[in-house]
Amino acid sequence: GKAGKFMTKKIILDCDPGHDDALAMMLAVASPKIELLAVTTSAGNQTPDKTLNNAMRMLKLLGREDIPIAGGNRTPLVKPLETAGEVHGESGLDGYPLPEPDFQPVDLTAIELIAKMLNESSTPVTLVVTGPMTNAALFLRVYPELAKAKIDQIVYMGGAMGLGNWQPSVEFNIFVDPEAAKIVMNFGIPLVMAPLNVTHQAQILKPEIEALKQIKNPVGQAFYGLLSFFERYHENPKWGFQGAPLHDPCTIAWLIEPEMFQTEKMNVDVETTGELTRGETVCDYYQLTSKPQNTEVMLGINRQRFIEMIMEALHSFD
Ligand code: RIB
Ligand code: CA
């Protein structure tokens, strides 16, 4: 019969590229189910100028210089900025010589660009956040009514149930800006969370990275170099990985094919004052509080299907 007509999902991607942010952007651009309205960038994996330049280099690589892009806040809301050069390299996207962008960002701040796109969209938009939540929080604070009217959900990579990758129980994105995360989690817009619990399962294995070498188009070749670089940081035996965890692409994969994931609804909030736990996402898995179940949390993934989706997306640039 006629293939089911699917509704394309309009999204805005707020990111801090970052190797896995770059892969999330590629998935969004490649998927016929996703319409990427705009890109905004946050400071996290690297300094704000570098993450903006990286996002622009990625749009150039993907042939989508038409997508409007704007840089966001240069610092977290309260904390000083801490970056992750040891993970993503000096540029924030080391491992492959990406084309320098020959276009300009729009002359708007990130939250002004988000407001513009939401006002122009006739239907609600999904906000995808794959870095610190600074821009998302500022948007909710400055444009609360527009947010309630035109953001249908916020899908984000960040946090964890019990784990951490930057402090013992704190994941990097939330670590960088805990106060922003608390604003987002308590605003009331439905949330979908990709915590370390699922992203550590979403590994691309070393042989699968090697196989990217056979994808003879500029995007496949770029990700062969980028993911080869990204994988090296994760070889430290303390992680117990067989490859590299693809954190941020879990957000886009969920939007494209939610059945790829096992999820649970629960309340998620953020600790902002703990000496050891500032930035910890506190997940009420056993519903021990009467707090609203504000978040659908991804806890399991069909890794094979996830990798197939990524390979199909990379081949779509042939
Ligand atoms: O902890 C993983 C997260 O931090 C990912 O979003 C990665 O890109 C970094 O921003
Ligand atoms: Ca990121």
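The first residue of the sequence shown is numbered 1, and numbering continues consecutively from there. Ligands are counted one by one from 1 in listed order, and the atoms in each one are counted from 1 as well.
Here the protein heavy atom with the shortest distance to atom 4 (O) of ligand 1 is Asn173 OD1, 3.2 Å. Nearest protein heavy-atom neighbour of atom 9 (C) of ligand 1: Asn45 OD1, 3.1 Å. Here the protein heavy atom with the shortest distance to atom 6 (O) of ligand 1 is Asp248 OD1, 2.6 Å. If you check which protein heavy atom lies closest to atom 8 (O) of ligand 1, you get Asp20 OD1, 2.6 Å.
Listed by number with element, the atoms of ligand 1 under 4.0 Å from a non-hydrogen atom of Met157 are 2 (C), 3 (C), 5 (C), 6 (O). Annotation for ligand 1: atoms under 4.0 Å from non-hydrogen atoms of Asp16 are 10 (O). With ligand atoms numbered from 1 in the order given, ligand 1 contributes 1 (O), 2 (C), 3 (C), 4 (O) to contacts under 4.0 Å with heavy atoms of Glu171. Taking every non-hydrogen atom of Asn165 and a distance limit under 4.0 Å, the qualifying atoms of ligand 1 come out as 1 (O), 2 (C).
For the Ca ion (ligand 2), the nearest N, O or S atom contributed by Asp248 is named OD2. Minimum-distance N/O/S atom of Asp16 relative to the Ca ion (ligand 2): OD1.
Neither the backbone nor the side chain of Val87 comes within 4.0 Å of ligand 1, counting heavy atoms alone. In Asp21, the part holding a heavy atom less than 4.0 Å from any atom of ligand 1 is the side chain.
Counting non-hydrogen atoms of neighbouring residues, nucleotides and ligands closer than 6.0 angstrom, the CG atom of Asp318 exceeds 12 such neighbours. More than 12 heavy atoms of other shown residues, nucleotides or ligands fall within 6.0 angstrom of atom NZ in Lys291. Atom CZ of Arg305 is surrounded by more than 12 heavy atoms from other residues, nucleotides or ligands within 6.0 Å. No more than 12 heavy-atom neighbours from other residues, nucleotides or ligands sit within 6.0 angstrom of CD on Gln287.
A cation-pi contact links Lys79 to Phe175, judged by a cut-off of 6.0 Å to the six-membered ring centre and 45° from its axis.
The aromatic rings of His88 and His19 lie parallel to each other, with less than 30° between the two planes, well short of the 60° mark.
Look at Thr130 and the Ca ion (ligand 2): an N/O/S atom of the residue is under 3.0 Å from the metal.
A donor-acceptor contact shorter than 3.5 Å links the side chain of Lys150 to the backbone of Ser121. Listed for the Asn294 side chain is a donor-acceptor partner under 3.5 Å among the backbone atoms of Val268.
Tyr286 and Met266 fall within a single hydrophobic cluster, where Ile, Leu, Val, Met, Phe, Trp and Tyr are joined by side-chain heavy atoms under 4.5 Å apart, directly or via other members.
Remark: ligand 1 and His247 share no N or O pair separated by less than 3.5 Å (distance only, no angle test).
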